[in-house]
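What follows is a set of notes on a single structure, which appears directly below.
One-based numbering along the sequence shown.
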Amino acid sequence: MTSNPNRQYENEQYKRTPDPVMESGFTNYERLLVELNNRMYYPKETYEKFLNENGLLAEDTFDKNTDHAQLLETVYSILQTLLSNIDMYRKIETEFVTSGEASTALQNRLKDLRAEINRIKAEMHYTDSDFSFMYYTR
């Protein structure tokens, strides 16, 4: 997959370029698991589909300079689906006594994650097109 120069940190602040031959760095799938604290809410194939929806291939080497926002968007998408199936979330995250507690914790995580994604997109000078947020409201 080719990198989009409009979607990267200014001056490539993350200097260490992963070397796929030496297998340094993470694959996109491995990095996704790190972001999800190695929680398997879904099978691997489902995670790969989520990555693909956000423009990433599971087996490609993760490059923080270009893939960071897309990976976090993938995490957000996965967690968003769990909000509608809170019992599945509670099956993995067992520290919550009630569904309400689990839902509140997940909503807070989604809110924090969205703020982080917005911050990263601003730092990366993330521009899709002139019409990306034409009708965007909060």
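Closest approach of Thr61 and Asp67 over heavy atoms only: O-OD2, 3.8 Å. Considering every non-hydrogen atom in both Tyr47 and Tyr41, the closest pair reads OH-N, 2.9 Å. In terms of heavy atoms, Ala102 sits closest to Tyr89 at O-CE2, 3.8 Å. Scanning all heavy atoms of the two residues, the minimum distance from Ile78 to Leu36 falls at CD1-CD1, 4.0 Å. Considering all non-hydrogen atoms of both residues, Phe26 and Val34 come closest at CE2-CG2, 3.8 Å.
Between the CG atom in Asn28 and the CG atom in Leu33 there is a gap of 11.0 Å [rounded to 0.5 Å]. Interatomic distance, Leu79 CG to Arg109 CZ, rounded to the nearest 0.5 Å: 5.0 Å. Taking CD of Gln107 as the start and CD of Gln80 as the end, the distance is 9.0 Å to the nearest 0.5 Å. Here the CG atom belonging to Leu57 is positioned 8.5 Å from the CG atom belonging to Leu51, to the nearest 0.5 angstrom.
The side chain to side chain donor-acceptor pair (under 3.5 Å) search around Glu116 returns Arg119, not counting sequence neighbours. Residues satisfying the side chain to side chain donor-acceptor pair (under 3.5 Å) criterion with Ser77, sequence neighbours excluded, are absent altogether.
Ile92 has its side chain out of reach of Met40: every pair of non-hydrogen atoms, C-beta onward, lies at least 4.5 Å apart. Residues Tyr76 and Arg114 are in side-chain contact: their nearest non-hydrogen atoms beyond the backbone lie under 4.5 Å apart.
Checked options Leu56, Thr27, Leu32, Leu71; the residue passing with Phe62 is Leu71 (criterion: side chain to side chain contact (heavy atoms under 4.5 Å, CB included)).
Contacts classified as side-chain hydrogen bond (donor to acceptor under 3.5 Å, both in side chains) and involving residues 96-105 (residues at least two apart or in different chains) are given here: Arg90-Ser99. The salt bridge (Lys or Arg N to Asp or Glu O under 4.0 Å) pairs that include a residue from residues 28-51 are Arg31-Glu35, Arg39-Glu93, Lys44-Glu48, where partners are two or more places apart or lie in different chains.
Of the possible polar contacts, one joining the Thr74 side chain to the Gln70 backbone as a donor-acceptor pair under 3.5 Å is found. Here the side chain of Asn85 pairs no donor or acceptor atom with the backbone of Thr81 at under 3.5 angstrom.
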